[in-house]
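To start, the structure itself, in structure tokens.
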Amino acid sequence: MKVVHVDLPHADYRIIVARRVLDSARGREALSRAVHGRRCAIVTDSNVGPLYADRFRAATLRAGAETASVATFAAGESSKTLTTLESLYHFGVREGLDRGSVVLALGGGVVGDVAGFFAATFLRGVPFVQVPTTLLALVDSSVGGKVAVDLPEGKNLVGAFYQPQLVLAELSFMSALPVAELRCGLAEVVKYAVILDHELFAVLEDEAERILAPDLPVCERIVARCCRLKAEVVAADEKELGQRAILNYGHTFGHALEMLGEYSAFSHGEAIAVGMGMAADLAVSLGLAPAELVRRQDALLQRCGLPLRTGARLSAAAEQVLAHMYRDKKVRSGRLRLVLPTRIGRVVVTGCEDEPRLLQAIGDRIG
Ligand SMILES: NC(=O)c1ccc[n+]([C@@H]2O[C@H](COP(=O)([O-])OP(=O)(O)OC[C@H]3O[C@@H](n4cnc5c(N)ncnc54)[C@H](O)[C@@H]3O)[C@@H](O)[C@H]2O)c1
């Protein structure tokens, strides 16, 4: 078992990472502290619910919850909408949730984001607990308090910063996770290593396949390490006014690819992997990083089963990708700010006006 503390000025909470966290004394005690004597709403999706909702509901009741009702919505990004949110508000009223009630998000990043925004806004805010079940949610979306839903115009356009009271990272929930989802999460793990942790990068060079297995003891170490890295970044810059932007490494390029592929050509992890390749190529071309960095990053992404180029999935020109990058919600005053690596474990956030080099870096990975 590993415990990571997230320390923020107005909130601090623990991330408990273990293979059987719900059977451990520490996990039970933490859950009990969050739910004892309270009405609880477990929010989940149509894939995770049938697998784990009964077990988790029983654990919640054993931990002393007054009631534990389950709300299930259809799995997938297409459910991350105001419509799903509205149905959760009606569910909350029907179930008699009050300000002392607790929302528990049991699922991947979609469930965490929707349930978190439900918790942030229902009755002007009720406590919430994250129980992430995908690798991406374990290492990224369950930590740091960003919660949101999508609009037809774009992803995560309506949301809040709302921290959970507890993150219960039950690794055994990963056993049924499809390998494509593991790869998607692994792209974020590689991201942490490139931006912040050269030792983690070397560990991944040795153990990438064991995460994909998934070998749960290895996953426990890696997940806890990533959570610690994210916790440090979030503690320094909760609202993404500065340093937190480094977590977007590969994402400005990747989001443009996802958008152009209409969210079906690439998974998020695949788009981010290609995006990290574009960012690293650009860093080399601008003289910020050695070519060796691209070689090692490409080799690791390939071992993780992630793409290095768009392949036939995208027929767009580099100019179109760049135009979509300017639409990213992180663009301020029309200026593109990019996270570029300088060596493994170190990045800079910088403006980039050198359009020819940008187009070259993008174009070299298309096709
Ligand atoms: N809030 C943040 O900081 C943050 C960060 C990164 C990503 N996100 C968001 O996270 C979302 C992506 O998250 P995701 O990749 O976890 O996707 P997801 O929640 O859609 O889960 C992926 C698929 O795996 C299924 N699944 C989940 N857990 C499972 C399990 N244990 N066994 C079997 N199947 C399981 C889900 O039902 C779904 O079909 C996006 O909406 C993204 O915007 C948020």
Side-chain angles (χ1 to χ4, degrees), residues 6 15 19 43-53 55-56 72-81 84-85 105-117 119-120 128 130-151 154-164 167-189 191-192 214 216 219 223 226-227 229-231 233-234 237-240 244-245 247-251 254-255 258-259 263-264 266-272 328-330:
V6 184
I15 306 165
R19 270 159 281 166
V43 180
T44 189
D45 74 22
S46 54
N47 289 334
V48 179
L51 293 170
Y52 303 120
R55 183 176 153 208
F56 186 62
T72 306
F73 60 76
E77 185 74 26
S78 57
S79 286
K80 217 173 122 176
T81 59
T84 305
L85 199 57
L106 173 68
V110 167
V111 169
D113 280 12
V114 176
F117 193 49
F128 109 102
Q130 287 269 21
V131 189
T133 63
T134 61
L135 183 56
L136 181 136
L138 284 156
V139 298
D140 193 355
S141 59
S142 66
V143 182
K146 277 193 188 178
V147 295
V149 294
D150 303 335
L151 293 181
K155 274 187 63 154
N156 299 323
L157 290 182
V158 185
F161 288 95
Y162 193 67
Q163 300 295 336
V167 181
L168 271 186
E170 171 56 89
L171 295 176
S172 64
F173 286 164
M174 267 172 49
S175 312
L177 200 58
V179 72
E181 297 300 340
L182 284 166
R183 289 201 180 105
C184 204
L186 209 39
E188 302 290 349
V189 176
K191 174 196 79 178
Y192 285 116
L216 295 186
C219 290
V223 167
C226 292
C227 288
L229 291 168
K230 182 152 185 190
V233 172
V234 170
D237 177 23
E238 183 189 0
K239 302 271 169 79
E240 200 171 316
R244 189 166 176 170
L247 298 173
N248 297 322
Y249 176 52
H251 284 56
H255 284 157
E258 281 186 282
M259 256 191 274
Y263 296 99
S264 60
F266 306 92
S267 71
H268 177 69
E270 288 171 336
I272 296 321
D328 195 281
K329 64 181 174 305
K330 274 138 197 144

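One-based numbering, in listed order, for ligands and for the atoms of each.
Under a 4.0 Å criterion applied to the non-hydrogen atoms of Y52, ligand 1 contributes the atoms 31 (N). Listed by number with element, the atoms of ligand 1 under 4.0 Å from a non-hydrogen atom of A176 are 32 (N), 33 (C). Residue K80 approaches ligand 1 through these ligand atoms, each under 4.0 Å from one of its heavy atoms: 9 (C), 40 (C), 41 (O), 42 (C), 43 (O). Proximity to E181 (heavy-atom distance under 4.0 Å) selects the following atoms of ligand 1: 22 (C), 23 (C), 24 (O). Close approach of ligand 1 to E77 is summarised as follows: ligand atoms under 4.0 Å from at least one heavy atom of the residue are 40 (C), 41 (O). The atoms of ligand 1 that sit less than 4.0 Å from any heavy atom of D140 are 5 (C), 6 (C). Atoms of ligand 1 found under 4.0 Å from any heavy atom of F173, numbered from 1 in the order shown, are 30 (C), 31 (N). Near K230, with a cut-off below 4.0 Å to any heavy atom, the atoms of ligand 1 are 3 (O).
One distance of note links CZ of F173 with CG of L135; it measures 15.5 Å at 0.5 Å rounding.
Using modelled atom types, one side-chain atom of S46 and one backbone atom of A75 make a donor-acceptor pair closer than 3.5 Å.
Side-chain contact between E238 and Q163 is present, with at least one heavy-atom pair separated by less than 4.5 Å. Residues V43 and L106 have side chains not in contact (no heavy-atom distance under 4.5 Å, counting atoms from C-beta outward). Contact annotation: the side chain of V110 never approaches that of S141 to less than 4.5 Å [non-hydrogen atoms, C-beta and beyond]. In this structure the side chain of Y162 reaches within 4.5 angstrom of the side chain of F128, judged on heavy atoms. By the 4.5 Å heavy-atom criterion applied to side chains, L168 and Q130 are not counted as neighbours.
Residue-level proximity to ligand 1 for K155 is carried by the side chain, the only part with a heavy atom below 4.0 angstrom. Under 4.0 Å from ligand 1, the heavy atoms of N156 that appear belong solely to its side chain. If you look at E188 next to ligand 1, there are no close heavy atoms at all, none under 4.0 Å. With a heavy-atom cut-off of 4.0 Å, H255 does not touch ligand 1 at all.
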So L157 and D150, side-chain contact (heavy atoms from CB on, under 4.5 Å) or not? Walk me through it.
-> CA-CA 6 Å; L157 290 182; D150 303 335; over 6 Å; no
Dump the intermediate steps for side-chain contact (heavy atoms from CB on, under 4.5 Å) on L216 and S175, then the final yes or no.
-> CA-CA 8 Å; L216 295 186; S175 312; 4.3 Å; yes
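Of the N and O atoms on the side chains of K80 and N156, at least one donor lies less than 3.5 Å from an acceptor on the other residue.
L177 CD1, 3.4 Å is the protein heavy atom nearest to atom 29 (C) of ligand 1. Nearest protein heavy-atom neighbour of atom 12 (C) of ligand 1: L136 CD2, 3.9 Å. Among all non-hydrogen protein atoms, the one lying nearest atom 1 (N) of ligand 1 is K146 O, 2.8 Å. Looking at atom 9 (C) of ligand 1, its nearest protein heavy atom turns out to be D113 OD2, 3.4 Å. Nearest protein heavy-atom contact of atom 21 (O) of ligand 1 is T134 CG2, 3.6 Å. For atom 37 (O) of ligand 1, the closest heavy atom belonging to the protein is D45 OD2, 2.7 Å. Looking only at heavy atoms of the protein, atom 26 (N) of ligand 1 is closest to V48 CG2, 3.8 Å. Given atom 18 (P) of ligand 1, the protein heavy atom at minimum distance is V110 CG2, 3.9 Å.
On a distance-only criterion, G107 and ligand 1 share no N/O pair closer than 3.5 Å. For a threshold of 3.5 Å applied to N or O pairs, the pair formed by G109 and ligand 1 contains at least one separation below that value.
A side chain to side chain donor-acceptor pair (under 3.5 Å) with H268 holds for exactly one of H255, E77, E188; it is E188.
For the pair D113 and K146, the salt-bridge criterion is not met [side-chain N within less than 4.0 Å of a carboxylate O].
The heavy atom nearest to atom 28 (N) of ligand 1, considering only L171, L138, T133, is found in T133.
Residues passing the side-chain contact (heavy atoms from CB on, under 4.5 Å) test with L51, sequence neighbours excluded: A176. Every residue meeting the side-chain hydrogen bond (donor to acceptor under 3.5 Å, both in side chains) condition with T84, not counting sequence neighbours, appears here in chain and number order: T81.
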